[in-house]
K.L.:
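First the structure, then my questions, so here it is.
A note on names: the letters A, B, ... follow the listed sequences, proteins ahead of strands, and every chain is numbered from 1.
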2 protein chains.
Amino acid sequence: MTLQLDPAAQNLLFREARTANAFTDEPVTEEQVQDVYDLVKYAPTAYNQQPLRIVLVRSPEARERLVRHMNEGNRAKTAAAPLVAVLAADNEFHEELPAQFPAFPQAKEVLFGERPAREASAGFNAALQVGYFILGVRAAGLAAGPMTGYDADAVDKEFFPDGDHSVLAVVNIGKPGENAWRERGPRLAYDEVVTTV
Amino acid sequence: MTLQLDPAAQNLLFREARTANAFTDEPVTEEQVQDVYDLVKYAPTAYNQQPLRIVLVRSPEARERLVRHMNEGNRAKTAAAPLVAVLAADNEFHEELPAQFPAFPQAKEVLFGERPAREASAGFNAALQVGYFILGVRAAGLAAGPMTGYDADAVDKEFFPDGDHSVLAVVNIGKPGENAWRERGPRLAYDEVVTTV
């Protein structure tokens, strides 16, 4: 094994961590979410564009507004999770770009002046950040339950009425409860995924 | 600090790791890439679809075929890196799905029978896996230099003549060399990214 990351960290983030469908009642605090963000914010995005935006759905009223747009199989667990985060791409991320990537302040107009180019870049880079965020939740000793089964247009309208954001995932977060996950699925073998030329 | 992940691992993966633009001559071995894959393969994708495919560009001839499709500013470092990986989404991932997600073998046809639905899902989930892969490279004690500046159509035709894959990123990999990175850019503050409802 050539990895430098120690085995306990490998287990916490990858080998023993699992997608959870049931949680204990233990709350997820604002401090925990801040610590997750202050870790994963350092992972890279193209031109340091950081298009991910996060809505923490905490109030019962907001939870209800979200649950009704989830696919039926996701409703009960989304209603019951200690914390639910809506993760979205900000399709107007270029407004922050001159401050975030001062080496090439013209990127805002030259690369991202047109909305379709912005949406494509925001979608890909925010998806990278969704991956970082899921691992960050695990780094906090919490379990994540990422879901993509919902009415995306309805979630966008409900939580991002500015029309400038695209939901990418909804993530339940908490300590895993009883029967939190099914048996782990198989994984593709190295030779099915990696080729050398 | 509420994180369970130990500070050395936080530094290795997030806080001290940086996008590298220059590398030493030290080779990246097949065993190292296998160990990276055997770690990051466990991170989640929707319906366990695992659409990421990786081409390791090792031969001088293949390297030349890749370099000529990179944007000019990326050519020299892509030509010089110890290893270059082309990361792509497999838009026909559904063929493996009945074996990879046996709980719902009909998903292959019901959810992913149409190519546009497959492409959207493959693009998002493979992007998650690109994020996991970048962190996996760092877990190996190596630096990653992910790039999205290339002629994507030309890379697809050159390395995926079946027409069923979409390149998402090209990643230089190795030990960081002299002046490997520029000053770290700023990051958006918690309150600019996270809202609570």
Side-chain angles (χ1 to χ4, degrees), chain A residues 1-6 8-10 12-15 19 31-35 37-44 46 48 50 52-59 62 96 99-101 103 124 127-132 134-135 139-141 146 148 168 182 185-188 190 193-197, chain B residues 1-6 8-10 12-15 19 31-35 37-44 46 48 50 52-59 62 96 99-101 103 124 127-132 134-135 139-141 146 148 168 182 185-188 190 193-197:
Chain A
M1 171 66 74
T2 63
L3 296 180
Q4 187 172 325
L5 187 70
D6 73 273
Q10 293 178 33
L12 182 68
L13 299 183
F14 294 100
R15 296 189 199 280
T19 289
E31 188 189 0
Q32 285 177 297
V33 182
Q34 286 214 11
D35 286 347
Y37 178 70
D38 284 334
L39 181 70
V40 301
K41 70 182 182 185
Y42 290 115
N48 197 29
Q50 309 167 69
L52 182 68
R53 299 295 178 268
I54 301 169
V55 177
L56 303 178
V57 181
R58 288 199 180 273
S59 73
E96 326 300 332
Q100 298 302 311
F101 197 70
F124 172 69
L128 295 182
Q129 293 185 286
V130 172
Y132 305 146
I134 290 168
L135 297 181
T148 52
L168 293 176
R182 61 178 98 209
R187 290 297 187 272
L188 294 170
Y190 182 77
V193 172
V194 182
T195 55
T196 301
V197 295
Chain B
M1 170 68 73
T2 63
L3 297 180
Q4 186 172 326
L5 186 70
D6 74 90
Q10 293 178 33
L12 182 68
L13 299 182
F14 294 100
R15 295 190 200 278
T19 289
E31 189 190 0
Q32 285 177 299
V33 181
Q34 285 214 11
D35 287 346
Y37 178 71
D38 285 335
L39 181 72
V40 300
K41 70 182 181 185
Y42 291 115
N48 197 30
Q50 308 167 67
L52 182 69
R53 300 294 179 267
I54 301 170
V55 177
L56 303 178
V57 181
R58 287 199 180 272
S59 73
E96 326 299 333
Q100 298 302 311
F101 197 69
F124 172 69
L128 295 183
Q129 293 185 287
V130 172
Y132 305 146
I134 290 168
L135 297 182
T148 52
L168 293 176
R182 61 179 97 209
R187 290 297 187 272
L188 294 170
Y190 183 77
V193 171
V194 182
T195 55
T196 301
V197 296

K.L.:
Please flag which part of B:L13 lies under 4.5 Å from any non-hydrogen atom of chain A: side chain, backbone, both or neither.
P.N.:
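The answer is the side chain of B:L13.
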
K.L.:
Of all heavy-atom pairs between B:V197 and A:A62, which one has the smallest distance, and what is that distance?
P.N.:
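Of all heavy-atom pairs spanning B:V197 and A:A62, the closest is CG2-CB, 3.6 Å.
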
K.L.:
Would you give the length of the straight line joining atom CG of B:L3 to atom CG of A:L39, rounded to the nearest 0.5 angstrom?
P.N.:
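One gets 5.5 Å once the value is rounded to the nearest 0.5 Å.
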
K.L.:
Go through the atoms of A:T196 and report whether side chain, backbone, both or neither lie under 4.5 Å from a heavy atom of chain B.
P.N.:
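Both the backbone and the side chain of A:T196 come within 4.5 Å of chain B.
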
K.L.:
Which residue out of A:G185, A:A103, A:A139, A:A46 racks up the most heavy-atom pairs below 4.5 Å with chain B?
P.N.:
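Winner by heavy-atom pair count: A:A139.
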
K.L.:
Please state whether the side chain, the backbone, both or neither of B:L52 comes within less than 4.5 Å of a heavy atom of chain A.
P.N.:
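For B:L52, backbone heavy atoms alone lie under 4.5 Å from chain A.
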
K.L.:
I want to check something: taking the side chain as every heavy atom from C-beta on, are A:I134 and B:P44 in contact at a cut-off of under 4.5 Å?
P.N.:
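Counting from C-beta outward, A:I134 and B:P44 do come under 4.5 Å.
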
K.L.:
Identify which part of B:F124 has an atom lying under 4.5 Å from any heavy atom of chain A, answering side chain, backbone, both or neither.
P.N.:
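When you check distances to chain A, atoms from both the backbone and side chain of B:F124 fall under 4.5 Å.
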
K.L.:
With a 4.5 angstrom heavy-atom cut-off, which part of B:F14 approaches chain A: side chain, backbone, both or neither?
P.N.:
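Both the backbone and the side chain of B:F14 come within 4.5 Å of chain A.
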
K.L.:
Checking heavy atoms, do the side chain of B:D35, its backbone, both or neither come under 4.5 Å from chain A?
P.N.:
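Both backbone and side chain.
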
K.L.:
In the structure I gave you, are the side-chain heavy atoms of B:Y37 and B:V33 within less than 4.5 Å of one another anywhere?
P.N.:
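Not in contact.
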
K.L.:
Would you call B:Q4 and A:L12 a side-chain contact if the rule is heavy atoms closer than 4.5 Å?
P.N.:
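Result yes, sub-4.5 Å side-chain heavy-atom pair found.
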
K.L.:
Is B:A43 close to chain A through its backbone or its side chain, or both, or neither, when contacts mean heavy atoms under 4.5 Å?
P.N.:
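Contact with chain A involves both backbone and side-chain atoms of B:A43.
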
K.L.:
List the atom of B:L168, the atom of B:A127, and the distance in Å for their closest heavy-atom pair.
P.N.:
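Looking at all heavy atoms of both residues, the shortest contact is CD1-N, 3.8 Å.
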
K.L.:
Please classify the contact of B:A8 with chain A as side chain, backbone, both or neither, using a heavy-atom distance under 4.5 Å.
P.N.:
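Neither part; nothing is under 4.5 Å.
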
K.L.:
Taking side chain as C-beta onward, heavy atoms only, is A:L188 less than 4.5 Å from B:R53?
P.N.:
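Yes, close enough: below the 4.5 Å cut-off.
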
K.L.:
Looking at B:R15, B:Q129, B:R58, which one has more heavy-atom pairs under 4.5 Å with chain A than the rest?
P.N.:
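So the answer, after comparing B:R15, B:Q129, B:R58, is B:R15.
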
K.L.:
Counting heavy-atom pairs under 4.5 Å to chain B, which of A:Q50, A:E96, A:Q10 comes out on top?
P.N.:
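Most pairs with chain B among the choices: A:Q50.
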
K.L.:
Strictly distance-based, threshold 3.5 Å: is any side-chain N or O of A:N48 a donor or acceptor partner for the main-chain N or O of B:P186?
P.N.:
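Judged by distance alone, yes, a pair lies under 3.5 Å.
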
K.L.:
For B:Q34, is it the side chain, the backbone, both or neither that has a heavy atom under 4.5 Å from a heavy atom of chain A?
P.N.:
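Both backbone and side chain.
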
K.L.:
Which residue out of B:A99, B:P146, B:A140 racks up the most heavy-atom pairs below 4.5 Å with chain A?
P.N.:
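Most heavy-atom pairs under 4.5 Å with chain A: B:A140.
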
K.L.:
Check whether B:T195 gets within reach of chain A through its side chain, its backbone, both or neither, counting any heavy atom under 4.5 Å.
P.N.:
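Contact with chain A: backbone and side chain both.
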
K.L.:
For B:T148, is it the side chain, the backbone, both, or neither that has a heavy atom closer than 4.5 Å to a heavy atom of chain A?
P.N.:
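Only the side chain of B:T148 comes within 4.5 Å of chain A.
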
K.L.:
At a 4.5 Å cut-off on heavy atoms, which part of B:L135 comes close to chain A: side chain, backbone, both, or neither?
P.N.:
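The side chain, not the backbone.
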
